[in-house]
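Before any comments, here is the structure.
To find a chain, count down the sequence lines: A is the first, B the second, and so on, and within it residues start at 1.
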Amino acid sequence: MTHDSIALEVADIVRDVLDAPDLAIGPDTTADDVPGWDSFAHINIVVATEARFGIRFGTAEVETLHNIGDLVALVARKTKVAA
Amino acid sequence: MRLVDLHWLPAMPSAAADLRALSRAGAPALADLRPLAAARLDFVQTATLDRLLARALATPDRHLRPLRIALLGSSTLAHLEPALRVAGFRRGLALSVHRGGYGQYRQDLETPSPALAAFAPDTVLLALDAAHLAAGADPGLDAAAARALAARSVDSLIRCWRRARALWGAQVIQQTALASAAVPLLGANEPRLPGAPAALLAAINALLPDAAASEGVDLLALDAAAARDGLFAWHDPALWHRAKQEVSPAAAPAYGELAARLLAARAGLSAKCLVLDLDNTLWGGVIGDDGLEGIRLGQGSAEGEAFAAFQSYARDLSRRGVILAVVSKNDEAAALAPFDHHPDMVLRRADIACFVANWNDKPGNLRMVADRLNIGLDALAFADDNPFERALVRRELPMVAVPELPDDPALYARAIADSGCFEAVAITEDDRARTAAYRADAARAALRETETDLDGYLESLGMVLRWRRFDRTGLPRIVQLINKTNQFNLRTRRYSDAEAEALIADNASLALQLRLSDRFGDNGVIGVVIGKRADDALFLDTWLMSCRVLGRGVERATLNLLASEAGRMGAGALVGEYRPTPRNAMVRGHYAGLGFAQAGAEDDGAETWRRDLAGFVPFATSIAIEEARP
């Protein structure tokens with residue numbers, strides 16, 4: 001798995017959770033940019049990402065995520081992929 | 001095998017892509033959503049399907065039974081709603097869900113909001129979290145005080161149940177307590193601390209069955225599910241703190257399924273009849289080939305004991321009112337022999353209300369079972385070890401429940417149980433007498449024509465027949481097939497290792513091993529043909545096939561192959577022979593069906609058949625033919 005392939009999969013998870021199959025997503029995308037990305041959707045994105053990559057985020061780690069780039073970087077770190 | 005994985009539902013590799021495509025399109029048709037609802041989806045996919053379902057049901061569907069369910073609780077429940085609706089749809093229900101205010105179940109029941117009052121639920125699902133139920137727990141309490149506290153908790157639940165019935169005449173489902181709030185204080189001897197949360201929750205769960213039975217309330221046994229799967233498969237402490245979700249979103253699809261089963265059972269939509277395959281489902285091996293002595297069943301091997309245990313499970317199901325039937329590709333006499341004569345059979349002929357053993361396709365035979373028993377196809381659940389048959393039945397008869405079975409027979413009973421096909425809320429005397437009654441009905445009922453779109457299914461399988469001359473690697477399997485195949489075997493000519501080996505280098509003969517693969521995988525070597533030159537023709541000394549791949553057109557594809565190879569060898573005709581034995585009646589019409597003309601008959605019943613190859617037009621099949629290279 002590479003950083004790019006993680007980014008693609010995370011983007012798909014976000015699109016699936018938000019039911020927005022054609023949503024444009026980049027590293028700078030934040031919840032505020034996207035209609036429907038509320039706290040409920042946010043939890044679903046985190047849980048689905050954990051399940052997809054077989055990892056677990058710490059309670060504190062989740063609170064440090066500000067944008068998609070942060071989430072991808074956290075997955076990469078947890079799955080030991082170099083940036 | 002965890003419940004949260006919905007392991008009894010078939011995986012659907014195209015689900016993610018299908019859901020995205022449907023989301024982009026306009027209003028989906030309900031028929032497009034059914035296969036998705038019947039497949040193993042994760043919670044994100046379940047939520048997407050729920051949104052599509054809402055769009056499709058903008059026009060109500062009269063085949064779905066509408067039901068209004070109020071989801072009331074003490075913490076976050078919104079994430080369970082989509083899974084409830086999707087699981088309801090899976091079982092023929094169109095669920096409307098009204099979710100109560102956060103943590104407001106008591107107020108919802110004491111003074112319902114105008115919205116809830118107008119909704120007037122048929123069913124109230126009380127989904128209370130353990131932290132709420134364990135309120136008042138105190139490790140300092142003595143046993144008597146702890147008992148009183150547990151009893152007070154249950155009494156207050158009973159008041160809620162009665163209130164729901166008084167307000168709306170609603171059926172109540174009470175979720176049992178997860179051990180989420182029960183972090184041990186002592187350790188292994190935790191029950192010695194009766195006032196601590198663990199013991200208190202256990203005491204509440206222990207009181208619930210009697211209370212529920214006397215109040216006519218159904219229990220959603222979350223504690224039992226978590227005991228099976230592990231608590232953290234159902235509950236994530238981090239999510240409890242973050243979002244007050246007692247049940248993790250990842251477990252929501254399983255939660256919806258457990259609840260929908262209870263609703264379906266109350267609505268009379270549970271399956272009533274378990275239809276069993278025989279070979280490799282009720283015993284190990286193939287009765288037609290291996291014979292009574294050869295099948296693996298009962299004492300003597302772990303595998304045999306596992307099959308016997310599965311039979312015991314089926315018999316216990318029949319004792320509590322599930323009808324048993326058999327649908328098997330077999331000669332009837334061979335199929336019945338174990339029921340009448342095998343000492344380790346648990347099931348006997350009298351346990352089976354409807355027994356169908358023939359060579360027809362299984363969807364047609366399932367229709368016949370439903371007809372004879374005079375029940376709907378949606379009352380059938382079908383257990384078959386063969387993924388080909390399961391997929392064919394799902395495709396042709398989507399209303400029949402077809403649980404996935406794992407490879408290991410030791411897990412068959414668990415798979416059927418986990419599938420919840422036969423979920424029931426109460427057992428009556430009628431249930432206990434049912435199999436006998438249905439057996440009598442079936443004996444009187446007439447047969448009806450059946451039709452199955454087999455061609456379309458076969459076309460979808462991507463079957464490839466890979467052939468290869470005999471070789472040393474394949475020899476053990478070739479010799480095994482030659483010497484044990486009894487049913488699909490035209491001449492039943494046996495070969496020793498040395499005789500078969502001699503054919504490897506014999507260029508005047510055509511000795512072929514045939515493998516069949518399809519989208520479920522490789523079926524291995526399933527056929528052997530040995531042709532020998534005789535005058536202008538190729539004489540088919542041996543033609544045999546595993547019954548596992550019957551009904552797929554393999555015979556016709558094999559003939560196409562033989563015609564082309566015989567032509568390459570300079571033969572102008574194929575000559576075959578049928579030699580009857582007590583076991584091979586199923587291939588009596590083999591050559592006639594392949595366009596051969598009868599060329600002779602002997603006193604012992606043997607028949608010679610010939611097909612000239614001039615102007616041979618290959619049969620149309622759904623099977624690609626490839627030569628396998630070493």
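- For chain A, no part of B:H241 is nearby; none of its heavy atoms comes within less than 4.5 Å.
- Residue B:T48 comes nearest to A:D16 through the heavy atom pair OG1-O, 3.6 Å, listed as atom of the first residue, atom of the second, then distance.
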Between B:R20 and A:D12, is a side-chain contact (heavy atoms from CB on, under 4.5 Å) present by the stated rule, with each step listed? CA-CA 10 Å; B:R20 277 177 211 138; A:D12 268 344; 3.9 Å; yes

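- With a 4.5 angstrom heavy-atom cutoff, A:A48 touches chain B via backbone and side-chain atoms both.
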Are B:V44 and A:I13 close enough, and set up right, to give a side-chain contact (heavy atoms from CB on, under 4.5 Å), and what steps lead you there? CA-CA 8 Å; B:V44 176; A:I13 289 169; 5.5 Å; no

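- In this structure, B:R68 places its CZ atom where more than 12 heavy-atom neighbours from other residues, nucleotides or ligands lie under 6.0 Å away.
- Closest non-hydrogen pair, B:A238 versus A:R56, comes out as CB-NH2, 3.6 Å.
- Contacts between B:L19 and chain A at a heavy-atom distance below 4.5 Å are absent for every atom of the residue.
- To the nearest 0.5 angstrom, B:R24 atom CZ is 4.0 Å from A:D22 atom CG.
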I'd like to know whether A:I43 forms a side-chain contact (heavy atoms from CB on, under 4.5 Å) with B:Q245, so could you lay out the CA-CA distance, the side-chain angles of the two residues, the decisive distance to 0.1 Å, and finally the verdict. CA-CA 10 Å; A:I43 283 171; B:Q245 292 172 332; 3.9 Å; yes

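- Nearest heavy-atom pair, A:E50 versus B:D236, reported as atom, atom and distance to 0.1 Å: OE1-OD2, 4.5 Å.
- The nearest pair of heavy atoms linking A:T59 to B:R242 is CA-NH2, 4.0 Å.
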